[in-house]
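Notes for the one structure printed next.
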Amino acid sequence: MLYPMPEDLVVPASEIFDLPTIRAALLAAADDDATETSVRAAAVRILSQASKDGRDAIAAGFAKRPHAAFPTTEAYAWLTDCVVRLVFELATTRLHPKGGKPAGEKLTVLAVGGYGRGEMAPFSDVDLLFLTPNKITAWAESVIESMLYIFWDLKLKVGHASRTIKDCLRLGAEDYTIRTAMLETRFVTGHEPLARKLESRLQNELFKGSERAFVNAKLAERAQRLKKQGLRYVVEPNVKEGKGGLRDLQSLYWITKYIHHTDDVQTLVNLGVFRREEYTTFMRAEEFLWATRCHLHLCSGRAVEQLTFDMQVEVAEAMGYSDRGGRRAVEWFMQDYFRHATAVGDLTRIFLTALEAEHQKDAPLLQRMFKRPPKVREGYQIVHNRLALTDPTAFMSDKLNMLRIFEEGLRTGLLLHPDAMRLIKANLHLIDDDMRNNKEARRIFIDLLLKHGNPERSLRRMNELGVLGTFIPEFEPIVAMMQFNMYHAYTVDEHTIQCIATLSSIEHGDLVEELPVASTILREGVNRKVLYIALMLHDIGKGRDEDHSALGALISRKVAPRLGLTKPECATVEWLIRYHLLMSDMAQKRDIADPRTVRDFAKAVQTRERLDLLTVLTVCDIRGVGPGTWNNWKATLLRALYRQTRRALEDGLEALNRENRGAEAKKALREALDGWDQKDLRAETARHYDPYWQGLHVTAHVVFAGLLKNISNDEIRIDIHPDDDRDATRVCFALADHPGIFSRLAGALSLVGANVVDARTFTSKDGYATAAFWIQDMDGSPFEQSRLPRLRDMIGKTLKGEVKPREAIHAKLKFKKRERAFSVPTSITFDNEGSEIYTIIEVDTRDRPGLLYDLTRTLSESNVYIASAVIATYGEQVVDTFYVKDMFGLKFYTPSKQKTLDRRMRAAIEEGKQRARDNE
């Protein structure tokens, strides 16, 4: 029997699988004298080559038409059909012919799951159901066994079940996963009447009358899946299971088929469930997601579903994206991905919410008696506990209602009814300049942010429906915009909403313990309108060639007045956006123990009002980057910078005088060492230079006093202690000073997998080095107590010369696979104004293990004295800042010296990169 060849494939069917020729070759190999083993071996050989050729042909056709997903998925399904049919034919006619078997010996092979829908990615599983009329016979068992052996030898990932119709009905009644699989059965080969009988009995005895239960089960399943995958659009999405992914589409197909007995979504247009434009949007999104999944499989060479960073680059290239407009191809691709995923999520939510309402039972009588629904304003009604419209025509007669409904939703606490959401989305064109400049529209929008206490909910829904980007057109380009780095966990628009959600939580007093300074600032009072609008617009300039802070400030000149802010408020918003990274940079990239750092920051901020606003904005901005980005280390730095700057603004910049701080530090140490002999105490306070006293907290001074007491020249004393306030482990060293000590210590720490986040080193007047390093493990946490002995041992071996850091680090240096796609240009700057004593060298480059060691070793070999290092990590990017002097204690003013150091550090960076590539 020959099977018909489909016409609409990515390449002609005959180029994918020459069915007559391959069938003839199989039958020729299975002559009467051949053994079962030889027949199977020949079948595997012939079908392996045919499948490979077919897959190569599909992949080649897909490469020429990289967005033609539907013909591609159908081609893979048809190729699989051909293999299954020929294997079945071989098993039933040559390996296990019926001969004189009774007529009841019937066997049907059905495709289920995605294969059943005729949708297959390059490495999708092949899910099969072997169906028999009654209890499986020995003949059917032999056929199935032989088929499976051949499939396994062909390296197919086969999921299979052998059942009778009665089994299918019983198991489908017990398990909704099995029932869903039964819903997608498709006859492939064998006894076709048996397949039709199963379809009929499933419909009449299992599906019919259980629509409500099935819908509820699928809704619960989707909610559980999204809870596991995440309710937000994350930057490394799962194409299949993530929010707005293919599983959302499949859920819709399942429910459509279950209720309306069809798997054609266009039927939903005829039934009035979808509008024509919604159907078009849906189909475009489906084809894009399937194209993405197919390219993902082909690029990785296996069945992977998560778009990791490395795969994003390859898939973007395969789909024909290119760099333009100051953005990488991968960023354009991912923005399209998230826009399509948002469309899927939006339309799926509308469809499922409507079904939920349609199949929802009324609440129990007692519950309805005691839980009164909120009162809604005229023009609204509550339908299935959602805010619905009484008259859509009247609603649309005033376009301001497209904003008012979100205000009513917040006021009542009700979610919007799907019909209302669809009406808004279909009429976005009504939001024009007249509406944007309307005084009442401004009032409504500002109230959504400031008045009702939950701006995140309204902003997210407005964003998903397209209202936010239409009402503020300048916001639209950052909708679904992905930043291709490991630092930001969300798209730019979602990051903005997360920031505003954090601000609202602080205002409600939910984060007092975590954020005491920001909570106090808001409790004491700031201009809330300025703060919310500044957060709303702080990243609005992203995605262009220009600096996004400067561009965002310019954009705010148009947007802020349009939203009704006064001239002084507009000026403050513009300043906050222009300098929204200033406080974060100062705290994380500069030594805030240096009085010059605080003095320069205070001069930039100028007023207490700006300091308060910028502090809260900075906290919200960092927390909105992603889970785990905010930690005690960043909190400690920002609090210290805020308090010192506030003191400087209130008491004058002279409050930052070095001598004053040194005297205060010595006084604090005397109080802490109350039991010490006065002679020892005087010796300790006299042995250190001024930078030592201003650069460390009294707790570190106490530790070093103990380490240095009665120390000899050949001793290396170490104190390792968790610094819980900073989410780090503090390692203090005391030993005789010698050149390169900073580099050797950094190397020792790198060898035990420590990330250095801050470091200070000082030389005492009597020739001892005191060095403090704050380190974290690879997860950004303090080192566990159990790992401290190994840490101490490795440090000792390195300082004694028993272990050579450079050789040991470079031997195991390599980038993780998902991180290889990142390329961070190296930037090295020399600043002689940021510190009174030191030259500040800032190295902005690609992070990797051992980088700090390589840089400090290079500086040490160049006779550079390193006083301190501040390390700020942003995903794959790192900024290492060094406070240095030359061997004569002078700054590096000479351009030639700066160029020499620049060249040597770049060489060390490139050498490490090359070593990492060589080790892959």
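Residue numbers start at 1 and run along the sequence shown.
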Salt bridge (charged side-chain N to carboxylate O under 4.0 Å, His left out) between Glu331 and Arg328, intermediate numbers included: CA-CA 5 Å; Glu331 292 176 318; Arg328 293 182 62 181; over 6 Å; no
Dump the intermediate steps for side-chain contact (heavy atoms from CB on, under 4.5 Å) on Ile446 and Ile533, then the final yes or no. CA-CA 9 Å; Ile446 295 298; Ile533 296 301; 3.8 Å; yes
Could you please spell out the steps behind the side-chain contact (heavy atoms from CB on, under 4.5 Å) verdict for Phe406 and Leu459? CA-CA 9 Å; Phe406 295 102; Leu459 286 176; over 6 Å; no
Apply side-chain hydrogen bond (donor to acceptor under 3.5 Å, both in side chains) to the pair Glu494 and Gln498, showing each step before the final yes or no. CA-CA 6 Å; Glu494 177 61 28; Gln498 291 282 340; 2.8 Å; yes
Run Tyr532 and Val573 through side-chain contact (heavy atoms from CB on, under 4.5 Å) and show every step you take. CA-CA 9 Å; Tyr532 272 97; Val573 166; over 6 Å; no
Full working for side-chain contact (heavy atoms from CB on, under 4.5 Å) between Val344 and Phe288: CA-CA 11 Å; Val344 169; Phe288 181 91; over 6 Å; no
May I have the step-by-step check of salt bridge (charged side-chain N to carboxylate O under 4.0 Å, His left out) for Lys399 and Asp432, ending in yes or no? CA-CA 10 Å; Lys399 53 192 176 186; Asp432 54 13; 2.9 Å; yes
Set out, in order, the CA-CA distance, both residues' side-chain angles and the distance that settles side-chain hydrogen bond (donor to acceptor under 3.5 Å, both in side chains) for Glu286 and Tyr253, then state yes or no. CA-CA 12 Å; Glu286 183 184 19; Tyr253 283 126; 2.7 Å; yes
Using the salt bridge (charged side-chain N to carboxylate O under 4.0 Å, His left out) rule, take Lys542 and Asp539 through it: C-alpha gap first, then chi angles, then the decisive distance, then the call. CA-CA 6 Å; Lys542 283 198 168 177; Asp539 275 348; 3.6 Å; yes
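The pair Glu574-Arg557 meets the salt-bridge criterion, since a charged nitrogen lies less than 4.0 angstrom from a carboxylate oxygen. A salt bridge is defined here as a Lys NZ or Arg NE, NH1 or NH2 lying under 4.0 Å from an Asp or Glu carboxylate O, and Arg562 with Glu474 meets this definition. Salt bridge status for Glu546 with Arg544: absent, with no side-chain N to carboxylate O gap under 4.0 Å. We find that Arg339 and Asp336 are not joined by a salt bridge, their nearest charged nitrogen and carboxylate oxygen being 4.0 Å or further apart. Using a 4.0 Å cut-off between a side-chain N of Lys or Arg and a carboxylate O of Asp or Glu, Glu407 and Arg443 qualify as a salt bridge.
A donor-acceptor distance shorter than 3.5 angstrom exists from the side chain of Glu569 to the backbone of Thr566, with no hydrogens or angles considered. One N or O on the side chain of Gln306 and one on the backbone of Glu236 form a donor-acceptor pair closer than 3.5 Å. Side-chain N or O atoms of Asn401 include none that pairs as donor or acceptor with a backbone N or O of Arg404 at under 3.5 Å. No donor-acceptor pair under 3.5 Å is formed between the side chain of Arg275 and the backbone N or O of Val269. Panel note: side chain Thr470, backbone Ile431; no donor-acceptor pair is recorded below 3.5 Å. At least one donor-acceptor pair closer than 3.5 Å links the side chain of Gln312 to the backbone N or O of Val235. Judged purely by atom type and a 3.5 angstrom limit, Asn631 uses its side chain to pair as donor or acceptor with the backbone of Lys634. With Arg457 contributing its side chain and Gly409 its backbone, the two residues share a donor-acceptor pair below 3.5 Å. Asp248 places a side-chain N or O within donor-acceptor distance of the main-chain N or O of Gly244, the cut-off being under 3.5 Å. At least one donor-acceptor pair closer than 3.5 Å links the side chain of Glu287 to the backbone N or O of Ala69.
Legend: salt bridge (charged side-chain N to carboxylate O under 4.0 Å, His left out) pairs involving residues 316-327, not counting sequence neighbours: none detected.
Residue Lys589 holds its NZ atom at 3.5 Å from CG of Asp585, rounded to the nearest 0.5 Å. In this structure, Ile540 CD1 and Ile577 CD1 are separated by 7.5 Å, a value rounded to the nearest 0.5 Å. Atoms OG and CG, on Ser458 and Leu449 in that order, are 7.0 Å from each other to the nearest 0.5 Å. Considering CG of Asp447 and CD of Glu440, their distance stands at 8.5 Å, rounded to 0.5 Å. Atom CD1 of residue Ile405 and atom CD of residue Glu408 lie 8.5 Å apart, to the nearest 0.5 angstrom. Taking CG from Leu531 and OG1 from Thr572, the interatomic distance works out to 11.0 Å, rounded to the nearest 0.5 Å.
Ring centroid separation for the pair His538 and His495 comes in under the 6.0 Å cut-off. Aromatic pair Tyr874/His488: ring centres not closer than 6.0 Å.
With contacts defined as side-chain heavy-atom distances shorter than 4.5 Å, the pair Leu450/Lys529 qualifies. In this structure the side chain of Arg386 never reaches within 4.5 angstrom of the side chain of Leu414, judged on heavy atoms. Here the side chains of Asp844 and Gln877 are in contact, with some heavy-atom distance below 4.5 Å. Using a 4.5 Å heavy-atom cutoff, the side chains of Tyr579 and Arg610 are not in contact. Contact of the Ile622 side chain with the Gln588 side chain is registered, since non-hydrogen atoms from C-beta on lie closer than 4.5 Å. Counting only heavy atoms from C-beta outward, the side chains of Leu503 and Leu535 approach each other to under 4.5 Å. No side-chain heavy atom of Ile500 sits under 4.5 Å from any side-chain heavy atom of Glu456. By the 4.5 Å heavy-atom criterion applied to side chains, Glu507 and Arg528 are counted as neighbours.
Screening His295, His297, His67 against Phe62 for a ring pair (Phe, Tyr, Trp, His ring centres under 6.0 Å) leaves a single residue, His295. Tested against Glu221 for a side chain to side chain donor-acceptor pair (under 3.5 Å), the candidates Gln224, Lys218, Arg225 yield a single pass: Lys218.
Closest of all the heavy-atom pairs between Pro374 and Ile382 is O-CD1, 3.3 Å. The shortest non-hydrogen separation linking Met481 to Gly543 is CE-CA, 3.7 Å. Nearest heavy-atom pair across Gly626 and Tyr490 is CA-CE1, 3.7 Å. Contact record, Trp575 with Leu614: CH2-CD2, 3.9 Å, taken as the closest heavy-atom pair. Smallest separation of non-hydrogen atoms from Ser549 and Leu581: OG-CD1, 4.0 Å. Heavy-atom minimum distance, Leu511 versus Ser505: CD1-CB, 3.9 Å.
Atom CZ of Arg284 has 12 or fewer neighbouring heavy atoms from other residues, nucleotides or ligands inside a 6.0 Å radius.
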